[in-house]
Amino acid sequence: MKTAVVVFPGSNCDRDLAVALRDATGVAPAMVWHKETALPEGLDLVAIPGGFSFGDYLRCGAIAARSPIMPEVVAFAAKGGRVIGICNGWQVLQEVGLLPGALMRNRTLKFVCRDVTLKVETVASEFTRGYRQGQVVTIPVAHHDGAFTGDADLLDALEAEDRVAFRYVDAEGNPTDAANPNGSDRNIAGILSANRKVLGMMPHPERLADAALGGADGALLFEGLARVAEVA
Amino acid sequence: MFKEPDVTQELAAAHGLKADEYQRILEIMGRTPSFTELGIFSAMWNEHCSYKSSKKWLRTLPTTGPQVICGPGENAGVVDIGDGQAVVFKMESHNHPSFIEPYQGAATGVGGILRDVFTMGARPIAAMNALSFGDPALPKTKQLVAGVVAGIGGYGNAFGVPTVGGELRFHPAYNGNCLVNAFAAGLVDADRIFYSAASGVGMPVVYLGAKTGRDGVGGATMASAEFGEDAEEKRPTVQVGDPFTEKCLLEACLELMESGAVISIQDMGAAGLTCSAVEMGDKGDLGIELDLDAVPCREDAMTAYEMMLSESQERMLMVLKPEKEAEAKAIFEKWDLDFAIVGHTIAEDRFVVKHGGEVKADMPLKALSGNAPEYDRPWVETPQAAPVGDVPHMDPGEALLKLLASPNYASRRWVWEQYDHMVMADTVRRPGLDAAIVRVHGTDKALAFTSDVTPRYCRADPLQGGRQAVAEAYRNLCAVGARPLATTDNLNFGNPERPEIMGQFVGCIKGIGEACTALDMPIVSGNVSLYNETNGNAILPTPTIGAVGLLERLEDAIQVAPKAGDTLVLLGATTGHLGQSAVLSDIWGREEGAPPTVDLEAERRAGELVRALHAGGLLNAAHDLADGGLALAAAELSIASGLGVELEANGEMGPIPWFFGEDQARYLVAASDDQLERVVEMALAAGVPVRRVGSVGGETFRIGATVLALGQVTEAHEYGLPDALAS
């Protein structure tokens with residue numbers, strides 16, 4: 001499986017994501033600098049990492065969305081290519097219009113870094129098929145602007161189309177208010193595009209993809225993705 | 001056109017230079033200095049940059065050892081961790097700026113210490129911060145805590161370094177002066193370390209990073225004075241941080257070093273361009289000539305004086321190999337960073353600064369650092385504390401709940417959840433208990449980090465307090481299974497011109513030196529912050545110790561995984577020492593008595609025993625005893641594991657001294673039945689007193705005869721800090 005990680009100035013989870021992809025696929029991803037104007041040939045996945053691209057000095061992800069490489073990522077997605085955006089990466093994908101809704105400042109107005117429990121709401125995607133339907137997994141969040149927000153029509157549509165990938169839940173799997181770390185609408189932690197080939201999520205699966213770090217639930221996402229190679 | 005003021009003794013005094021210091025300047029120059037020269041002298045000779053009050057005593061600290069690659073004097077210390085790798089670390093204060101502007105003051109403190117680490121060629125892998133604030137009930141304290149924590153997070157999170165530990169304390173002695181001590185550690189290949197000494201004549205001096213503005217002009221001088229009523233009017237002397245530029249600067253510097261273009265490098269911290277240029281010339285026995293017309297400026301019409309004293313952040317000065325100029329330029333441009341050739345090295349011992357076609361300064365370079373004043377300030381020994389008076393009886397369960405909910409001992413989760421402590425995906429042990437552990441990327445090794453000091457002890461007995469700060473750091477490292485390697489010290493004190501303050505300083509240094517020698521953790525870097533007082537009220541003497549330990553393999557890490565049915569074993573001797581204890585000070589408001597005596601040999605025996613027990617597979621958990629003694633240690637273990645605990649009373653002493661006494665060199669460990677006998681045997685063989693004090697399991701926390709619900713214990717600990725800070 002051939003993957004690429006896009007690196008913006010201010011990205012800081014690019015290495016972490018590359019390690020997780022390498023461990024799952026057996027091949028180190030190509031690291032693509034944001035000033036590039038072409039993606040490597042024959043990619044199976046483009047990954048947009050977390051961090052503070054361009055310092056998050058404008059709306060998070062807004063400047064990165066205008067980087068030279070991004071039209072290529074959009075074109076790749078338009079052809080049915082797989083794209084994952086984690087944390088700041090989701091904000092970038094939302095800014096280029098690959099994913100709907102908005103990511104607002106956390107309701108606590110504070111940065112929050114901690115493990116959260118997520119419910120896998122759909123396994124009908126290449127990103128989530130490594131999990132069981134309804135599985136409750138532990139994956140950390142670390143963000144200041146992670147409150148997913150949409151109008152009722154959007155939220156209803158996402159649910160009707162089975163495009164909610166992950167939801168913040170308590171240990172028993174209930175989407176309680178206390179389990180919601182940032183005030184996201186309907187506890188939504190990650191969503192899929194209409195063609196199910198683009199995933200945006202605030203939690204960082206690459207940070208708990210190694211038992212030495214206290215958990216490996218995140219690895220299942222990358223392992224599920226890596227099965228692309230077997231199918232192809 | 002700006003008209004430079006005439007230089008007089010009065011103007012020198014306004015720059016913080018004493019009459020005798022100005023006299024010395026006249027002798028060195030052989031003439032009246034120019035305005036710019038006066039600014040340069042004041043920047044180099046203030047306390048913050050020159051260590052003029054502390055140097056005499058700092059020289060007495062142990063700074064060498066087989067593990068030390070580079071001790072104090074460079075941007076940060078460097079310590080060997082085997083396999084051709086080294087850890088680079090330092091701790092530095094940003095106290096004065098943080099009190100004036102908490103968010104930016106703390107943020108730029110983090111930025112400064114990160115730059116110190118990557119200037120040496122190391123990629124930062126961990127950060128900590130040790131914070132001291134005044135009475136948490138004061139609105140000013142709440143404002144400072146919120147701002148400082150947000151500033152540290154705002155900078156470190158965006159930069160992308162995990163903030164894995166630190167300290168937070170409250171005491172009214174910090175009402176007028178908070179302390180913000182920032183620690184950073186980085187990883188480097190031992191044969192790729194970069195130093196500040198310039199070499200070669202006629203080599204280009206290159207400026208890299210953010211543009212220069214008027215921010216921070218006079219900052220180092222500000223940090224070398226007491227605050228008066230006007231402290232909050234000093235805001236213009238505080239700098240503003242830009243973690244995004246710093247992150248770009250990090251990546252650009254590491255790429256530049258990789259390219260082989262860098263001869264020497266120095267970050268621009270306190271006193272910016274002045275300090276960095278002098279440092280490079282002085283260390284390399286060379287002169288420097290600067291042409292300020294080439295300096296990238298953010299503001300119009302900046303004078304030479306302002307440019308030389310600006311403390312604008314995220315800037316580096318380096319000497320590059322001329323033949324690598326094209327490669328270097330390509331890297332700067334990739335990262336969209338400003339760079340400029342702003343001067344060159346010269347053979348003579350001169351520091352020449354040109355601007356607008358005029359020579360603004362022309363002075364002997366070595367005299368700026370080498371001839372800096374040095375004082376042997378008078379000091380008096382701290383008088384021995386009176387013995388502790390009668391301690392009233394209190395139910396130990398009640399006392400424990402009070403301590404757990406105290407803002408000084410409650411969970412720090414409110415703080416560290418605002419810090420990204422997992423970025424870089426190598427945080428093996430997160431903040432919360434003892435030391436944090438960060439894996440050495442791509443290996444099975446790991447480093448442990450801790451920061452400690454008990455200022456109450458230091459005030460009552462500086463020698464014992466100094467020893468205890470190092471001993472507690474040693475214990476925290478041992479408790480997670482790490483072998484202590486080396487230390488950085490951040491010495492925060494009041495006005496050194498007062499003999500009793502200088503006496504605290506001298507006593508603490510002596511204690512730190514003794515402990516670092518006995519425990520084989522030499523000091524490899526550090527920082528001194530004096531004049532932490534307002535209107536004559538000094539802070540508690542606070543010599544923060546940052547320490548680093550090595551785990552050769554991840555399996556060396558001692559987990560916090562006690563099992564139901566485990567026996568709790570106390571290692572080390574207990575006399576029930578209550579002088580200067582947390583229970584006395586936090587519950588009864590009494591700061592009385594002498595602090596516990598620190599037996600360094602006993603510390604070493606106990607620490608080595610804990611690591612040996614773990615190596616023998618005999619421990620399910622270990623935790624060091626410090627403030628709050630046995631009771632607090634057992635409660636923290638219970639909270640961390642979610643299991644109940646039964647702690648037995650001691651027939652030979654009352655419940656308060658037994659459960660809350662703060663005798664040193666002690667650990668609480670959990671062992672299963674089949675491990676227990678061997679634990680006792682090994683402890684006795686090592687000469688470490690050992691005693692069964694309780695057990696793990698059940699749904700309650702029993703302390704002596706008092707039974708507490710686990711929920712009570714957890715909630716007191718969990719909500720103590722946010723409740724105290726709520727307005």
Side-chain angles (χ1 to χ4, degrees), chain A residues 7-20 22-23 33-36 49-58 60 63-64 67 87-88 106 108-116 139-145 181 203-216 218-219, chain B residues 123-124 146 149-150 152-164 241-252 314 333-337 413-432 437-439 441-444 446 553-555 557 559 722:
Chain A
V7 183
F8 303 98
S11 295
N12 63 28
C13 302
D14 43 331
R15 187 187 77 179
D16 311 353
L17 188 51
V19 168
R22 182 202 64 201
D23 288 353
W33 184 236
H34 75 116
K35 287 181 185 171
E36 299 288 329
F52 288 67
S53 57
F54 296 91
D56 281 354
Y57 289 155
L58 196 60
C60 301
I63 304 179
S67 271
C87 200
N88 196 225
N106 298 344
T108 58
L109 306 182
K110 290 189 174 72
F111 188 93
V112 58
C113 176
R114 66 163 188 251
D115 281 349
V116 294
I139 292 178
V141 290
H143 58 249
H144 210 152
D145 299 82
H204 287 271
E206 77 280 12
R207 291 191 182 185
L208 275 185
D210 177 350
L213 303 179
Chain B
R123 179 176 287 279
V149 170
I152 290 169
Y155 205 101
N157 299 346
F159 178 85
V161 64
T163 301
V164 296
D242 175 358
F244 170 63
T245 296
E246 177 115 326
K247 166 73 171 164
C248 294
L249 195 58
L250 160 75
E251 301 298 342
E314 293 90 23
E333 281 172 355
K334 171 184 171 185
W335 290 98
D336 293 318
L337 289 168
R413 180 189 303 280
W414 182 89
V415 175
W416 49 255
E417 281 195 348
Q418 296 186 55
Y419 302 151
D420 191 336
H421 48 272
M422 291 184 251
V423 63
M424 300 184 88
D426 281 311
T427 305
V428 170
R429 181 160 165 152
R430 301 182 191 175
I437 300 178
V438 175
R439 181 170 56 187
H441 190 68
T443 75
D444 190 41
R553 298 160 307 167
L554 284 183
E555 66 186 50
Q559 307 295 327

* Asked: For A/Tyr57, is it the side chain, the backbone, both, or neither that has a heavy atom closer than 4.5 Å to a heavy atom of chain B?
  -> side chain
* From CA spacing to verdict: side-chain contact (heavy atoms from CB on, under 4.5 Å), B/Asp420, A/His204 -> CA-CA 12 Å; B/Asp420 191 336; A/His204 287 271; 5.7 Å; no
* Go through the atoms of A/Thr108 and report whether side chain, backbone, both or neither lie under 4.5 Å from a heavy atom of chain B. => neither
* Asked: Can you say whether A/Arg15 sits under 4.5 Å from chain B via the side chain, the backbone, both, or neither, judging by heavy atoms?
  -> side chain
* **Region of B/Arg429 that comes under 4.5 Å of a non-hydrogen atom in chain A** => neither
* Asked: Is it true that B/Arg123 and B/Glu251 have a side-chain N and a carboxylate O under 4.0 angstrom from each other?
  -> yes
* Asked: Among B/Cys248, B/Ala425, B/Gly160, B/Gly154, which has the most heavy-atom pairs under 4.5 Å with chain A?
  -> B/Ala425
* Given that the side chain runs from C-beta out, which part of A/Asp210 has a heavy atom under 4.5 Å from chain B: side chain, backbone, both or neither? -> side chain
* **Structural part of B/Arg439 lying under 4.5 Å from a heavy atom of chain A** => side chain
* Structure fact -> Counting heavy-atom pairs under 4.5 Å with chain A, the top scorer among B/Thr427, B/Val423, B/Asp426, B/Val428 is B/Val423
* Main-chain N/O of A/Lys110 paired to A/Asn106 side chain as donor or acceptor, under 3.5 Å -> yes
* Asked: Would you say A/His144's side chain and A/Leu109's backbone share a donor-acceptor pair under 3.5 angstrom?
  -> yes
* Parallel, tilted or perpendicular, as decided by the 30° and 60° cut-offs, for the rings of A/Phe52 and A/Phe111 -> parallel
* Kindly indicate whether the side chain of B/Tyr419, heavy atoms from C-beta on, has any atom under 4.5 Å from the side chain of A/Cys113. => no
* By a 4.5 Å heavy-atom criterion (distance strictly below it), what part of B/Ala158 contacts chain A: side chain, backbone, both, or neither? -> both
* To do: Would you sort out whether A/Ser53 and A/Ile63 count as a side-chain contact (heavy atoms from CB on, under 4.5 Å), showing the intermediate values?
  => CA-CA 8 Å; A/Ser53 57; A/Ile63 304 179; over 6 Å; no
